[in-house]
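Have a look at the structure below, then the notes.
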Amino acid sequence: MVQLYNLHPFGSQQVVPCKLEPERFCGGGRDALFVAAGCKVEAFAVAGQELCQPRCAFSTLGRVLRLAYSEAGISNEISQLESDDFVICQKPLELLGEKSEQSGLSVTLESTGLADEKKYSHFQHLLYRRFAPDISSYVLSDDIKLHSLQLLPIYQTDSLTSDGKNLSQEKELLSLFCFFSLPHVGYLYMVVKSVELMSVYQYPEKSQQAVLTPQFLHVITSNNLQCFTVRCSAAAAREEDPYMDTTLKACPPVSMDVCALRIQLFIGLKAICHFKNHIILLTKADPEAIPERRQSPKRLLSRKDTSVKIKIPPVAEAGWNLYIVNTISPVQLYKEMIDYSNTYKTVKTQSCIHLLSEAHLLVRAALMDASQLEPGEKAELLEAFKESCGHLGDCYSRLDSQHSHLTLPYYKMSGLSMAEVLARMDWTVEDGLQKYERGLIFYINHSLYENLDEELSEELAAKVVQMFYVAEPKQVPHILCSPSMKNINPLTAMSYLRKLDTSGFSSILVTLTKAAVALKMGDLDMHRNEMKSHSEMKLVCGFILEPRLLIQQRKGQIVPTELALHLKETQPGLLVASVLGLQKNNKIGIEEADSFFKMLCAKDEDTTPQLLVDFWEAQLVACLPDVVLQELFFKLTSQYIWRLSKRQPPDTTPLRTSEDLINACSHYGLIYPWVHILISSDSLADKNYTEDLSKLQSLICGPSFDIASIIPFLEPLSEDTIAGLSVHVLCRTRLKEYEQCIDILLERCPEAVIPYANHELKEENRTLWWKKLLPELCRRIKCGGEKYQLYLSSLKETLSIIAVELELKDFMNVLPEDGTAAFFLPYLLYCSRKKSLT
């Protein structure tokens, strides 16, 4: 059953000073009303609340059968539905969309004779519906006729930002609706991606005609003008906004029952049309019945009330009138609906929500086409829209129903702060018990999770924690970690946490929250006791459950908590492990984690603290699947190289040594033996410097490192130092540039040449022993110099290796022609005897 509200959508009214009895009429343009009678058409100016003034008149070539106004270049023709007039009736049937082609009705488009008519003509089946009349009541044929077929497009001519500014002036079709009516019931369909029945209107008495607008359905009976609500804006909003029906935005459902806002008395109604904010009504009464009308102070204006004097016979004067009824502004009607809803304010019923939803949809519909509004009206409507969202949020916050989650999106759309929402709540206690409904709890909980840049006062923060202790005690540790609860008294927070302990609610999360609150209280002993009560692994799990114990966001920036700052000094390993756990569980991103450690250590973007390096190393050890491996290698090698080139020690003691990393992580490889010999030739006083060098060397020696990617970044690391030399030679070795490496080592560190050759010159590279190393050593020995003995010792070891590898003939071929035979003889004898020895 349709609910009836006694509201006032209709405002002032006036009589159109027609000279002849109207037969057809319609509105058009900015302010024109056209009235046809016979072969004559009169045009009138309709401007707001002013009297309707004649503009012009013209004659047609024949009697006007149909009168319609279209914008230039647009022409819409729709055929009227007719009911079958048979004694035997078929059963009711509804076919939607493409299925309506199965109705069996054939449609033929009349040819215009134009060559390109197919380009502009298109035919599409929308719906087919067959009605069976109720013959048990022996109704007349007029009682089963269909009328008022109408297609209603809803456009959005611009998009509005939060400050009401237009983003676009292009007209965009959001939705299309189809309405038609039987005498006692009307049907409204949505026709967009699919055809769907939206609303059914049951009229209290037989209707004669109806007209659909984006805000209302106006229906006339013989003696009443009826105004019903529609769901067009609700459907269009969902087509327009993908975020509708989420935690961000909400809108009353399309399926919500419609209601009648007003049933207003009009005697002898015959026809109706709608034009902007005007309703045009034609009344025609039996002259004999006119003297019997009751004279009411609210009676309609008669044509005698106008200042226009028209000479018309008295019978015709009394027999018909054409009225313009102005609908009141959406904001004015909205305010009346809000006042009406206050009668339900103290009662937890759906009636309040229904009326507030109607008010919300009224404003939303008006905003759909903001181009028709003056700037002042638009701002007023936007304010009313936000206010209606706040009222709906209030209603849903007081209800403990399946729809209580709607509290959140409506309060968000209202623009109210959390403090303003809490100020609207009734905190009175009934019967010594305070009850908080699901809607309010849902809103506060989500708001505290969303890192809003709003800090509640100490008083409101205390009310919030008390609310959750009563309604959802498990959430107390979580809400205490919200940045919005920063101002809560630590003693108050600790008292509720201890109540959780005594009530048997013991968890690692309570322990960590108590430890964080103890820090705020300055009680380090309590903090230490809480942190010692669980293992490090459990503490890491607790931080994963509530990341805001360590990391918070304020004004879009990562901010370390007081607990994180304390752990940096006292338990840096736990801190790194915890942030790594957050990353593993997708609670923090890679860039966010990097920013966190820089903020934590008060370093700018160009400076990398050791704790961040520790975190990168921990990532490699953990082998995180989401971490881009080469990017992580680049971060670490860049930092190692920078510190080595600047001889810059880390700002804190590293958590892991190179040996730890080699033992724990496959990406860190064993450092080649010849590297140790090379490094031992230079004494490095700084242990941390040695650690950075060892970690860099270990990464280069590892199996996963892309050597080519690091070469461009080695320039700051000079080969003049042994450290730089070792890294450059390592990289060239990994790139298989063995001959160049042999030359470098013979020049800089001859004692490392044989260990290098033993490690690198194997398999297909063994020929370099006699093709590269042997002749190079012989050449340098001939030159003499201070390294003569080192070269000579290396030559002897080289000859021993070659004597084993080659046959005697091949061995003799690789020996220098000008060499001393006595020097090479022992190696030749060994080579000749090795077969008999084996």
Side-chain angles (χ1 to χ4, degrees), residues 161-163 241-251 385-386 389-390 392-394 396-397 403-425 436-469 471-488 493 509 512-513 516 542-564 579 582-583 585-589 591-593 595-596 599:
T161 59
S162 57
D163 57 0
D241 197 336
Y243 293 101
M244 197 60 65
D245 299 323
T246 66
T247 57
L248 297 175
K249 294 181 180 180
C251 181
F385 178 82
K386 291 181 179 180
C389 293
L392 283 169
D394 292 342
Y396 285 110
S397 72
H403 302 299
S404 55
H405 65 280
L406 294 173
T407 307
L408 179 62
Y410 278 120
Y411 273 146
K412 278 187 177 181
M413 294 191 297
S414 73
L416 293 170
S417 67
M418 196 167 15
E420 289 171 329
V421 169
L422 290 169
R424 296 159 76 102
M425 298 298 108
Y436 304 100
E437 302 296 353
R438 277 194 301 173
L440 178 61
I441 294 294
F442 185 82
Y443 163 74
I444 297 296
N445 196 21
H446 272 262
S447 298
L448 292 175
Y449 264 103
E450 290 179 359
N451 298 315
L452 301 176
D453 296 324
E454 178 186 1
E455 295 179 1
L456 297 177
S457 65
E458 180 180 340
E459 180 184 3
L460 283 179
K463 287 183 177 180
V464 168
V465 73
Q466 191 267 342
M467 177 195 310
F468 277 88
Y469 177 74
E472 292 189 20
K474 288 184 179 181
Q475 292 297 322
V476 169
H478 292 286
I479 63 121
L480 286 173
C481 296
S482 170
S484 300
M485 298 288 286
K486 177 184 177 182
N487 296 323
I488 191 169
L509 193 54
L512 286 174
T513 310
F543 287 124
I544 293 172
L545 288 173
E546 184 44 82
R548 293 177 297 177
L549 282 162
L550 297 176
I551 304 169
Q552 295 184 352
Q553 280 195 349
R554 290 178 187 163
K555 296 182 179 178
Q557 286 193 336
I558 294 286
V559 179
T561 63
E562 187 178 347
L563 177 58
V579 178
L582 295 180
Q583 188 178 352
N585 289 272
N586 299 317
K587 298 294 182 72
I588 189 173
E591 293 182 1
E592 288 178 314
S595 298
F596 166 74
M599 290 284 293

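FYI, the numbering just counts along the sequence from 1.
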Please report the interatomic distance [atom1]([X]) to [atom2]([Y]), rounded to the nearest 0.5 Å.
X: F543; Y: L512; atom1: CZ; atom2: CG; value: 4.5 Å
X: K486; Y: S457; atom1: NZ; atom2: OG; value: 14.0 Å
X: R548; Y: M485; atom1: CZ; atom2: CE; value: 10.0 Å
X: Y443; Y: T247; atom1: OH; atom2: OG1; value: 12.5 Å
X: L392; Y: H403; atom1: CG; atom2: NE2; value: 13.0 Å
X: I544; Y: N585; atom1: CD1; atom2: CG; value: 4.5 Å

| query | Salt-bridged, E546 to K587, with N to O below 4.0 Å? | reply | no
Check whether any side-chain heavy atom of [X] lies under 4.5 Å from a side-chain heavy atom of [Y], and answer yes or no.
X: S484; Y: E455; result: no
X: M425; Y: S397; result: yes
X: N445; Y: I479; result: yes
X: E592; Y: Q553; result: yes
X: T407; Y: L440; result: no
X: I444; Y: V464; result: yes
X: F596; Y: L582; result: no
X: M467; Y: I441; result: yes

Considering all heavy atoms, the nearest [X]-[Y] contact:
X: A462; Y: V465; answer: O-CG1, 3.2 Å
X: L480; Y: A493; answer: CD2-CB, 3.8 Å
X: L549; Y: A516; answer: CD2-CB, 4.2 Å
X: P483; Y: R554; answer: CB-NE, 4.0 Å
X: A564; Y: L550; answer: CB-O, 3.5 Å
X: G390; Y: S414; answer: N-CB, 3.5 Å

| task | Test side chain to side chain contact (heavy atoms under 4.5 Å, CB included) on I551 and T561 and set out the steps. | result | CA-CA 6 Å; I551 304 169; T561 63; 6.0 Å; no
Judged by atom type as modelled, is there a donor-acceptor pair below 3.5 Å linking the side chain of [X] to the main-chain atoms of [Y]?
X: N487; Y: L456; answer: yes
X: D453; Y: K555; answer: yes
X: Q552; Y: C481; answer: yes

| request: Could you list the residues that satisfy side-chain hydrogen bond (donor to acceptor under 3.5 Å, both in side chains) with K249, not counting sequence neighbours? | output: D241
| Partner residues of Q475 under the side-chain hydrogen bond (donor to acceptor under 3.5 Å, both in side chains) criterion, sequence neighbours left out | none
| Counting heavy atoms not belonging to E591, are there more than 12 under 6.0 Å from its CD? | no
| field | Y411 and D394: side chain donor to acceptor below 3.5 Å | value | yes
| query | When you check the side-chain N and O atoms of Y449 and H478, is any donor under 3.5 Å from an acceptor? | reply | yes
Would you give me the side-chain donor-acceptor pairs under 3.5 Å for residues 415-423, sequence neighbours excluded?
from : atom 1 : to   : atom 2 : distance (Å)
S417 : OG     : E420 : N      : 3.1
S417 : OG     : E420 : OE1    : 3.3
E420 : OE1    : S417 : N      : 2.8

